[in-house]
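Encoded as structure tokens, the structure appears first; notes follow it.
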Amino acid sequence: MYDPKELFADRESIDSFVEDTLSDYGEYVNGGMARLYRFLGFTTLEWYAEGSTLVDIHGKRYIDCAGYGLFFHGHRNPRVVEAVKKQLDTLPLSSRTLPHKPVADLGKLLAQVTPGNLQYSFFANSGAEANEGALKLARAYTKRERFVATHGAFHGKTFGGLSASGRELYKKPFYPLLPHFDHVPFGDIEAMRNAVTEETAAVILEPIQGEGGVLLPPEGYLQAVREICDEKGALLIFDEVQTGIGRTGKMFAAEHYNVVPDIITMAKSLGGGVMPIGAFTAKPEIWSIFDENPYIHSSTFGGNPLSCAAGVAAIEVILEENLLERATLVGERLLKEFTNLKERYPEVIKDVRGKGLLIGLELATEGAGGMMISETIDRNLLVLHSLNNPKVIRVMPPAVITDTEVDRVIEVMKEATVNVAEVISQL
Ligand code: PLP
């Protein structure tokens, strides 16, 4: 670790380094975000991370249960880092002229760990890109134009991803988006039945909505959507960018519900918390479009050796270190403790729900989310709000979190809830 104490003469030098960085951020990256950082009092920098711990430049240590769900393997997982370093010393990026091994290895591994007979994978660089590819593939294969998606959904911020997403705030400034997307309430089987027709190329949904506020599908919903798609000849795309690769205690959330989609998309945890990577994996018959033209969909960086080496290591770590069992166990404990909190402080917490290490606490009042997050940060715990439902705080610990750290997460959430309850009682 580059110890800031060795790099900087004193506290003042660190503060002025942070100040310069923040003002460059505001001037050259994102002015609005820089103002938000200052408003929230985030006048420090992420500097070092390992396992569940993130350390800022001032030496403050946080338990990281945020990270947009990236760190299922923790920060800098040693086996993933080792695999990436090894690849870095041989072939980091491909010339894309000849084949290379890491991409074939990852494709084969994904065929083994994805549900049902999903077999072929395309590799991209992000979740949104994975969804773009899946939507394109559905159109090309079915030769149909329409899509059905759900309210509150989050599928990324590219044009296709946004068109499928379900919150106006992020869509409106960019109109017109792609045509032919219909939206129905998540969990409403009748609305889905009415929306899917012989013109529907695909239904796209997250089996558990993440940014929508950790919404679990009602009993039988995903099976019913599968049947509706089969009846109408539409494909079913599961966006598992957030839920996939272990987060919910299964390799894919689809497995909780015994439903096999036609295409599954993933990103986040697939990079093992070290490399950016996205992918979509589909049934063999759908892939025939690549037989006709192998260049029909492509990406210069997609499927690069470094990211694929990280992906292979990420999946192997999960399987060999029993991280799915660990995620289930820790998740059950947190869910139980947070449910107890909800029962004691219903004026603060309205609902608690989740699967594995994707846990949402729905707060009872607008604004309580900000208060809660600032209380937890004061106590060295990072949690995050939900982009499409800010009243829901998400707690997404890594599966490598220790029992002592879990104890601390529970303690901090209790203290934060008590304090927010006190503020609310004075309003
Ligand atoms: N789909 C889902 C379900 C997500 O949660 C996200 C990101 O949070 C995305 C897609 C977009 O992924 P990315 O930010 O990598 O483009």
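Keep in mind the model is a prediction, meaning the values are calculated, not measured. We count residues from 1, following the sequence as given. Just follow the structure's listing: the first ligand is 1, and inside any ligand the first atom is 1. Below, all heavy atoms of this structure are taken into account, side chains as well, without hydrogens, waters or symmetry copies.
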Ion pair Asp378/Lys60, N-O distance below 4.0 Å: no
Region of Ala267 engaging ligand 1 - heavy atom pairs below 4.0 Å: neither
Distance-only polar pair, side chains of His256 and Lys355, donor-acceptor under 3.5 Å: no
Part of Glu211 within contact of ligand 1 (heavy atoms, under 4.0 Å): side chain
Gly156 N/O under 3.5 Å from ligand 1 N/O: no
For Val241, atoms of ligand 1 separated by under 4.0 Å from a heavy atom: 1 (N), 2 (C), 4 (C), 6 (C), 9 (C), 10 (C), 12 (O)
Proximal ligand 1 atoms for Ser126, defined as those under 4.0 Å from one of its heavy atoms: 15 (O), 16 (O)
Residue portion contacting ligand 1 (non-hydrogen atoms closer than 4.0 Å) for Thr265: neither
Within-cut-off N or O pair, Phe154 and ligand 1, under 3.5 Å: yes
Nitrogen or oxygen atoms of Tyr68 and ligand 1 under 3.5 Å apart: no
Part of Glu206 within contact of ligand 1 (heavy atoms, under 4.0 Å): side chain
Part of Lys157 with heavy atoms under 4.0 Å of ligand 1, whether side chain, backbone, both or neither: neither
Distance flag, aromatic centroids of Phe186 and Tyr221, threshold under 6.0 Å: yes
Contact with ligand 1 for Lys268, non-hydrogen, under 4.0 angstrom: yes
Is_contact(atom 1 (N) of ligand 1), protein non-hydrogen, under 4.0 Å: yes
Heavy-atom neighbours of Lys350 NZ exceed 12 at 6.0 Å: no
Under-4.0 Å salt bridge between Arg408 and Glu411: yes
Cation over ring face, Lys157 and Tyr170, 6.0 Å, 45°: yes
Polar proximity ligand 1 side, Gly127 side, N/O cut 3.5 Å exclusive: yes
Short side-chain donor-acceptor distance under 3.5 Å, Tyr175 and Glu168: yes
Sub-6.0 Å ring centroid separation between Phe252 and Phe238: no
Short N or O distance, Gln242 and ligand 1, threshold 3.5 Å exclusive: yes
Ligand 1 atoms in contact with Asn131 (distance to a heavy atom under 4.0 Å): 1 (N), 10 (C)
Glu50 and Thr53: side chain donor to acceptor below 3.5 Å: no
Pairing of Asp188 and Arg193 as salt bridge, 4.0 angstrom limit: no
Numbered atoms and elements of ligand 1 in range of Ala128, under 4.0 angstrom, heavy atoms: 11 (C), 12 (O), 13 (P), 16 (O)
Carboxylate-amine/guanidinium contact Arg144 Glu198, below 4.0 Å: no
Interfacing atoms of ligand 1 (cut-off 4.0 Å, heavy-atom, Asp239): 1 (N), 2 (C), 3 (C), 10 (C)
